[in-house]
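Please read the structure below before turning to the comments.
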Amino acid sequence: MQAWKDYQSANKDRFLEELLELLRIPSISARSEHKKDMVACAEKVKERLLQAGAGKAEIYSTDGHPVVYAEKITDPSKPTVLVYGHYDVQPADPLELWHSGPFEPVIKDGKIFARGACDDKGQFYMHVKALETMVQTNTLPTNIKFCIEGEEEVGSPNLAKFVASHKDLLKADVILISDTAMISMDTPSIDIGVRGLSYIEVEVTGPNRDLHSGVYGGAVANPITMLAKMIASCHDENNHITIPGFYDNVVESTAAERKLMAEAPYNEAEYKKDLGIKSLWGEKGYTTNERTGIRPTLELNGIWGGYTGEGAKTVLPSKAFAKISARLVPNQSAKKITEKLLNYFTSIAPEGVTVKASEHHGGEPYMTPIDSKAYKAAAKAIKATFGKDPIPVRGGGSIPICSLFEKELGVKIVFMGFGLDSDNLHSPNEKYDIVNFYKGIETIPYFHQYFADMK
Ligand SMILES: [Zn+2]
């Protein structure tokens, strides 16, 4: 569509400037000291949606951070697309590993470096600019609704209540999410599933105070040693997870699906080089793509205890802690796996220490069918702008609200992600390639067009 292209190329510098402005707001949902920034960011998103042509935009407060809702209803008889995204970001630590300030976006080598550049400000903002494009060129073929929340990075604890109490407001024919990655710009792909998540925290307590390791060491169980042993017992020699019942409900992928996955380009040498590692690790019997897509995993996210300051301090600590999470695949249940993890850690507590295990947020795995109209519209849109059919892939990450949306709103989700796995999501130096940002803005109007045509 020439009108879209002309409008976008005439305004592309402004589109980028606007994104940079959004990235300057440190909307870290996990940190209470950023509560004001969260509100400021929600206000900014609302303002931008109105400027882009939304007929209505509102901020809904929740028990946590606010949700921004907006809509452009052109004709109730036309199909409605609900865009979901999130304006909150992960904490930026460790700050010393950033080459530039996480909330002072810089552009280098055609990439935007900032926390939230890709996850998810850069990605949801493509939809705002796609809306503007279609409104300004008088070509919007659908009704669009936006639900941009502020708690995705902390597990969306208040979104379920919001969705359940605003079903009519959010009513749509499809939910469109840009919060995932593509294989590469040369090999476009569409995620057809995301993994679920269970997350627990373990606290191991030994003596009632930190002890002199020379006076007591050797006679008292060290909580860090005990915790390390418990953690080490979670995988066997084949790197299978040993938690009883962990794999009970895992749907094994068919040979056909595994064959299709194997066709995605993958260069092991490059993969290792990029990460700076000499060899890979993982569950025996599965390839790297399978380990990060169709198989459940268990990871340590943090471990601490004792003395971690500068220099040496000979201490036998009173406590040790770990944060542990599992990525889940269909048909594992986050609730059941969380229970199994909690039980496992409390049941294997060695004598001499006490173990407390508690639950953080979780989410169910989600799969979307590739024969739906919405999926076909997304595939066709990507073909229109990338010149190639996208490969359907299973993503390794988690978007906890997916199963909730489907349950409450009764519609399927389509993932149209334009990020790359190398975007350093949740890591220092998060980036988003400017060309991906523009490509997304260019592709999204095609989705609306094709989806409307197919109805
Ligand atoms: Zn995200």
Side-chain angles (χ1 to χ4, degrees), residues 19 22-23 25-31 34 37-38 41-42 45 64-68 82-93 102-103 105 112-128 146-160 162-163 175-182 189-197 199 292-293 301 325 327-328 360-366 368 393-405 413-433 436-437 440 444:
L19 173 60
L22 210 55
L23 291 171
I25 306 173
S27 48
I28 303 172
S29 50
R31 298 276 163 80
H34 287 285
D37 298 313
M38 294 301 296
C41 198
V45 172
H65 302 300
V67 174
V68 184
L82 172 64
V83 174
Y84 165 84
H86 60 95
Y87 66 86
D88 66 323
V89 299
Q90 285 269 323
D93 339 50
F103 299 103
I112 311 158
F113 287 90
R115 171 59 85 230
C118 175
D119 181 16
D120 180 43
K121 287 175 179 169
Q123 292 222 60
F124 89 73
Y125 205 63
M126 301 180 310
H127 291 270
V128 181
F146 284 83
C147 173
I148 310 295
E149 72 149 323
E151 298 192 308
E152 197 272 347
E153 300 293 8
V154 290
S156 306
N158 294 295
L159 195 69
F162 176 78
V163 173
I175 298 163
L176 186 60
I177 301 180
S178 294
D179 196 13
T180 50
M182 285 195 161
S189 59
I190 295 183
D191 273 21
I192 56 164
V194 288
R195 290 194 286 184
L197 184 72
Y199 203 128
T292 58
N301 304 105
S325 65
R327 298 284 174 172
L328 313 177
H360 284 298
H361 68 263
E364 303 299 339
Y366 182 81
T368 196
V393 298
R394 295 264 293 264
S398 304
I399 309 180
I401 45 72
C402 293
S403 59
L404 166 102
F405 269 139
I413 292 168
V414 167
F415 301 100
M416 255 174 110
F418 294 91
L420 299 173
D421 282 340
S422 57
D423 283 340
N424 296 326
L425 305 189
H426 301 195
S427 297
N429 305 308
E430 177 177 348
K431 59 94 173 159
Y432 194 30
D433 291 38
N436 294 47
F437 176 62
I444 291 162

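Along the sequence shown, residues are numbered consecutively beginning with 1. Scope of the values below: all heavy atoms of this structure, side chains included, with no hydrogens, waters or symmetry mates. Each ligand, and each atom within it, is numbered from 1 in the order the structure gives.
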How about D119: does one of its N, O or S atoms come closer than 2.8 Å to the Zn ion (ligand 1)? yes
Under 2.8 Å from the Zn ion (ligand 1), can any N, O or S atom of E152 be found? no
For the pair Y125 and F437, name the ring-plane relationship: parallel under 30°, tilted 30 to 60°, perpendicular over 60°. parallel
Anything under 30° is parallel, anything over 60° is perpendicular, the rest tilted; go ahead and classify F415 against Y366. perpendicular
Here the N/O/S atom of H86 closest to the Zn ion (ligand 1) would be NE2
Looking at every non-hydrogen atom in both residues, tell me the closest pair between L159 and I401 and how far apart they are. CD2-CG2, 3.1 Å
Would you mind listing every salt bridge (Lys or Arg N to Asp or Glu O under 4.0 Å) that reaches into residues 415-426, with sequence neighbours excluded? D423-K431
